[in-house]
Structures are given as structure tokens and as C-alpha cells.
Amino acid sequence: MDRVVGTSGRIAFASAMRNLLADVYPQHDPALLVRRVFEELDLPLEGDGPEPAEESLRKWDQRDAFLITYGDSISRNGYQGLKSLRDFHQKWLKDWLPGIHILPFHPFTSDDGFSVSDFTTLRPELGTWDDVEDLSKHAKVMADLVANHISASHEWFAQFLAGQEPGVGYIKTANDGDDISQVVRPRSHPLLNTVETALGPKNVWCTFSYDQVDLDYGNPDVFFEILKIVLDYVSHGVTVIRLDAIGFIWKEAGTPSINADQTHKIIKALRLAANAVAPDLVFITETNLPMVENLSYFGQQDEAHLIYNFSLPPVILHALLSGRSDYIRKCIMAMPPAPAGCTFFNFTASHDGIGLRPAENIVPDDDILQMTEHARKMGGEVSYRSVAGGGQRPYELNVTLFSMLAESFAGERTFGMERFVMSQAIAMSLEGIPAIYVQSIFASENDQNGYQQTGIPRRLNRKIWQLDEAEAVLETPGLPQQAFGQLRALMSIRQGQPAFHPNATQYTLNLGSELLGVWRQSHLNDQSIFCVFNLTGETQDLDLSRINLIMNEGWQDLISGKVIPDYDGIMTLAPYQIVWISNLDGRHRTESRLLQRYRDAMPV
């Protein structure tokens, strides 16, 4: 790893790290903790040292976009999963989805990878660290760090049960009588699991399942173990690290045990340390929370570089199913611009389905209930979480995005494909970096066989594709090929537009409830793109006088390639039509015609 050096930087780094760790671990000598950080980073205590992380520039632009996938979502008999993923990505995706977010790739015992039993190696069926390094030569690799918990089969938990070091101090426990009534939960099972250990019975804290035992970050040794894992990822070519379930890591009886001040400072310390030796490393926090809490993980431009835009999937869904922009417009208007050096990670679906908690305070309960009923109608399931004081609330929809959007709330099924493509186009249009879940590139329907075989609702949205099957689907005329072609064309257009830079200015337009409108403007103010979406199955008139088309510039729709001759006229939008109206000269008409060809081939 490259070292960023400078004597003044060493002093500033040591001071910032000391302040963070002293606040988190007041019972420990901060000087000794800082010394341990320098030792883990293999940096000298005297002379040259690391520059503060905030002095390193973080760079991304409109060409950045990610595929979200498991390491074996695309497999090939006789080949390890990451090799198959590499081959598929190089043939089909590299030009328009240059980044790959690989979900947990370590050995695990449950939860499809999120119950890690060994952080030092990869699952044999996926490959080895050499495969990660090879993939990193062809794509920007994001890796998952399951930071909150470990598998009950992990060596550390075995040591905990035996009363042996170091694991005996790594597991979070509760005393009899501790008040855990306020603890915020993403699951409905009891929080504590009483286990027999060599030191007597212990109440083990299990936020997600009894096979996922929570780590005790109150012990600074746990912080250093996680830092070692981060540095190991970096050494194998990982450039983006997703901190899974990070909001839960600091736990105290008598508190909600989520979003604690110590949690934020631990993230800041991890970033400060890692960026000292890997300035280009980017951290993204996975915090499936209401918007205000989620936004807090940007910190003061010193915490997460990226945060998941968790409010986006449920409000996009509601808009397309209802034909109303009320809640999505409210959500976009309420979201502040990301601080410099930070941005949003915009997605519409993931391996976990579609979270509903981030829609709280944006989408009313009656509308959320309507979404849960619709998910079941379309063959999906609904997962619940416990709430303080008893009772449950819907937590996530377990359904593929394509199945969910196949029919509107009103029962209309003609425009399912259009709704699906529009869901991705909205995410591509907003401030941030877009990401597409692997099932969405195939327009996958619910995997009922996977669900029936396992009884796990999330398996509805986790189909494993054989490589030859995946390629055959994309090479054969049909809905998946049409969807894939449109997404590729849209992303290809997007990549050439400076107004779609992840940090380009964004304004929300009020064009009535049937239309959603967003105005993006490049950093140099030399390009504007007016992104307008007809959310209904009926034609809608767009009054162009309402969207600030400057008269002395030529305007055209980047998607259709059509020039806009009358700046004050009316543009009639077809059902679920997307327009990106730009003042540039139509350099992307090739991609536009490609998109139109796929559109023309769609069944009416």
C-alpha cells in the first residue's frame, strides 16, 4: 500500500486519532491506542507519517456505476464463481457498469454470507484472494465487511465459550436485569441468547440471529481486529468497503443501541487510519434507517464517503405503482446536497429486497400497507421488525423489482416493462452513483423454487444463474433482453453527461402529481439536463415553459434524439415516457437510436 507521508501530517494524524479513540475508550490510555494504530499501519512513530485523510482527494464522475451481486450469482460448472463473474462482466457489463459490489465472499454458516465464520479466506466455490485481485484489475471492486457480528462457528466465539483469549473479550453480553426494552431491532426474535461457557452462563447479544453473535466494540481489541480486516481487503485490490449493519455496532443497555456517538467515531477512526495508507479507499455505510439518521453518516466530511440512499427504493416503488409523484418529490426535496467529497449510492433493489423503514415519515402508514399487500399479490413476502413497547412493523418487501412492478396498484399490467426501466432511470438521474442489482439486469421474476426449497423469503430475490443460462437469456429476444438493452443504453448516454456527475447540482421540479421532474446542472454550469418522467399509463402534457429552457441554446431529448423546437410549447409524453432534455449537441445519438430500437421492439 502507498504511504502518504509528511512530518506535519504525522502530528495531525496522531492528534485526530487520539481524540477519536479517547472519546470512545476513556478507560484506556489514548497514547497506547494511537501507538497500536501506527503499528497496524506499519508507519513510523517518528519522522515522516501519514497526512490527514481529509487532505486526500476522492474522485468519481458520471462514468461510475456498480453492479450489486453475490460472488456466485452468475456461476459456471467447473469454474470458481469469481472467475465466472469476471468473464460475464468483461463480456456484458464492463462498459456501462465498471464497478462490482461483491456481497460477502467469506465462509459462512447462515444468512447467505452475512454470518461469517472466517475473515481470512474466501469460500472455495468462489475462488481465492488471487481472484479478487484479478477482478480488481478489470473493475472497481467493493467488498462487504460484516462489521457488527460473526458466526457462532467463528473461532472467536469458540474461544468465548471456552473462556480463552482473545475471543473471551470479543463478544457482546448483557447482565441479568439489563434494560433492553429500548433496543431498536431489525428482527422479531428475542435479542439475548443464553449460552453455557467455561465461565458460566452468558447472555449473548444477537441483533440479527442466534447464529450471528454481536461483537463488543467496547473492547478496543475488536476495533483493531476490524482495522486488520480492512487493511487485508486493501492489500487484495479492494477500493470500496461496505460497512454492513454498521449502525448497530455500539450497544448499551438502557439505550436504543443504534447510531450511538461511539459508532460514528469508530467509523471516523477506521477511515482516518485506512486512508493514511490507502488514500483512494472509499467507505460506504449500510444503514437501513430513516433519512435524517442515514444522512448523519456523512459526519463532517470525515466519516462515510458514500451512504446508501435507502429512502429511494420505496418512494420510487410507490410513485410507479400509484402514478403519483407526491412522496418521491417530498423525499428528493428533503435530501440535502452531499457534502464535498461525499455522495449517495442510488439503488432500487438489493439482495435484501426493498426496505420500508427508510420510508417512515415520508410515506404514510396506509400507503406502506398498500405496498405490502401488493408485494404479496405479486408473489412476494413481507418481513417484520419488533418495535419498542411490543408489536411489529413491516421492515422489508421480499420480492424482485420486476415482479413488483409488473402490475400497478390499479391492476394495470400493460406497462410493466416501462415501469421497471423507469425505476432504474430515476436512480440514474439523481445526485449520486447508480447501482443495479444483478437480478434487475435480467428483469428477474420471483424465484419461487429457491424460496420453497429453503423457506427463506429473501431467496425470492436471490436466484443463482448459470453463466450459459444468463448469456442465453440476453442473446434471445424477450423481456430480459429488452430490459438489459434499455438499461445499457440509458447508462451509456448517462456516462457522457457532466450534468450527471454524482455531485452535480440538483433541483426538484414541481410539475404536478403525474410527472416527476429533476433539473441537473454541471459543475461548470455549461450543461443542464431536465429529467422528466411520466409516472402514469396515460399521455401527459409537459409545459416546457415551466422548466427553464434558455432560448439561445439548442435543446434536445438525449434519449429519443429529438430536437425541441419550441421552448414555450407543449411536449406530450407517452405512458411512462422518460425524457432527458439537454442543451448539448446530441453527441449520443448512437446510443439514443439503440435505446429507441429496443423500445420499438417491445410488445404493445
Side-chain angles (χ1 to χ4, degrees), residues 21 23-29 33 36 106 108-111 114-119 145-229 243-267 269-270 287 385-390:
L21 297 181
D23 285 346
V24 177
Y25 302 111
Q27 304 303 316
H28 295 262
D29 184 343
L33 295 177
R36 287 184 63 181
H106 298 295
F108 70 96
T109 52
S110 62
D111 200 13
F114 287 88
S115 182
V116 177
S117 54
D118 183 0
F119 287 102
L145 173 51
V146 184
N148 177 72
H149 50 263
I150 56 172
S151 165
S153 296
H154 194 284
E155 178 185 22
W156 294 342
F157 191 62
Q159 293 167 347
F160 170 81
L161 294 176
Q164 298 174 352
E165 298 289 348
V168 68
Y170 284 5
I171 307 303
K172 180 64 181 177
T173 60
N175 297 318
D176 292 338
D178 277 353
D179 177 13
I180 58 172
S181 61
Q182 299 180 48
V183 174
V184 173
R185 302 291 311 290
R187 300 289 187 271
S188 56
H189 72 271
L191 173 65
L192 303 179
N193 183 26
T194 302
V195 300
E196 290 295 331
T197 79
L199 303 177
K202 300 289 183 181
N203 300 316
V204 174
W205 201 295
C206 300
T207 298
F208 290 89
S209 79
Y210 289 163
D211 186 48
Q212 294 165 296
V213 294
D214 290 5
L215 294 170
D216 185 0
Y217 281 82
N219 179 352
D221 292 343
V222 171
F223 167 82
F224 285 101
E225 293 284 6
I226 298 302
L227 177 58
K228 289 176 185 177
I229 297 170
L243 299 174
D244 176 70
I246 193 70
F248 296 96
I249 64 171
W250 191 271
K251 307 160 182 71
E252 289 185 23
T255 75
S257 297
I258 191 168
N259 302 331
D261 181 61
Q262 293 92 335
T263 294
H264 291 281
K265 289 178 177 175
I266 287 170
I267 299 170
L270 282 174
T287 49
R385 67 179 179 91
S386 299
V387 296

task: Start with the C-alpha distance between S151 and T109, add both sets of side-chain angles, then the distance that settles side chain to side chain donor-acceptor pair (under 3.5 Å), and finish with yes or no.
output: CA-CA 7 Å; S151 165; T109 52; 2.7 Å; yes
Between the main-chain N or O of [Y] and the side-chain N or O of [X], is there a donor-acceptor pair closer than 3.5 Å?
X    : Y    : value
N219 : G169 : yes
K202 : T173 : no
R185 : T207 : yes

task: Can you sort out the partners of P26 under side chain to side chain contact (heavy atoms under 4.5 Å, CB included), two or more places apart, ordered by chain and number?
output: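 None.
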task: Kindly write out the residues that satisfy side-chain hydrogen bond (donor to acceptor under 3.5 Å, both in side chains) with D244, not counting sequence neighbours, or none if the list is empty.
output: R242
field: Value rounded to 0.5 Å, distance of CD1 in I246 from CG in N148
entry: 8.0 Å
- prompt: Between atom NE2 of H264 and atom CG of N259, what is the distance when rounded to the nearest 0.5 Å?
  reply: 5.0 Å
query: What is the ring orientation for F119 with W156, classed by angle as parallel under 30°, tilted 30 to 60°, or perpendicular over 60°?
result: tilted
In the structure I gave you, are the side-chain heavy atoms of [X] and [Y] within less than 4.5 Å of one another anywhere?
X    : Y    : result
N203 : N175 : no
L199 : V168 : yes
T263 : I258 : no

message: With a 4.0 Å cut-off on N to O distance, would you call R36 and D221 a salt bridge?
response: yes
task: Could you list the residues that satisfy ring pair (Phe, Tyr, Trp, His ring centres under 6.0 Å) with F157, not counting sequence neighbours?
output: F160
task: Take Y170 and E225 through the test side chain to side chain donor-acceptor pair (under 3.5 Å) and record every step on the way to the result.
output: CA-CA 10 Å; Y170 284 5; E225 293 284 6; 2.7 Å; yes
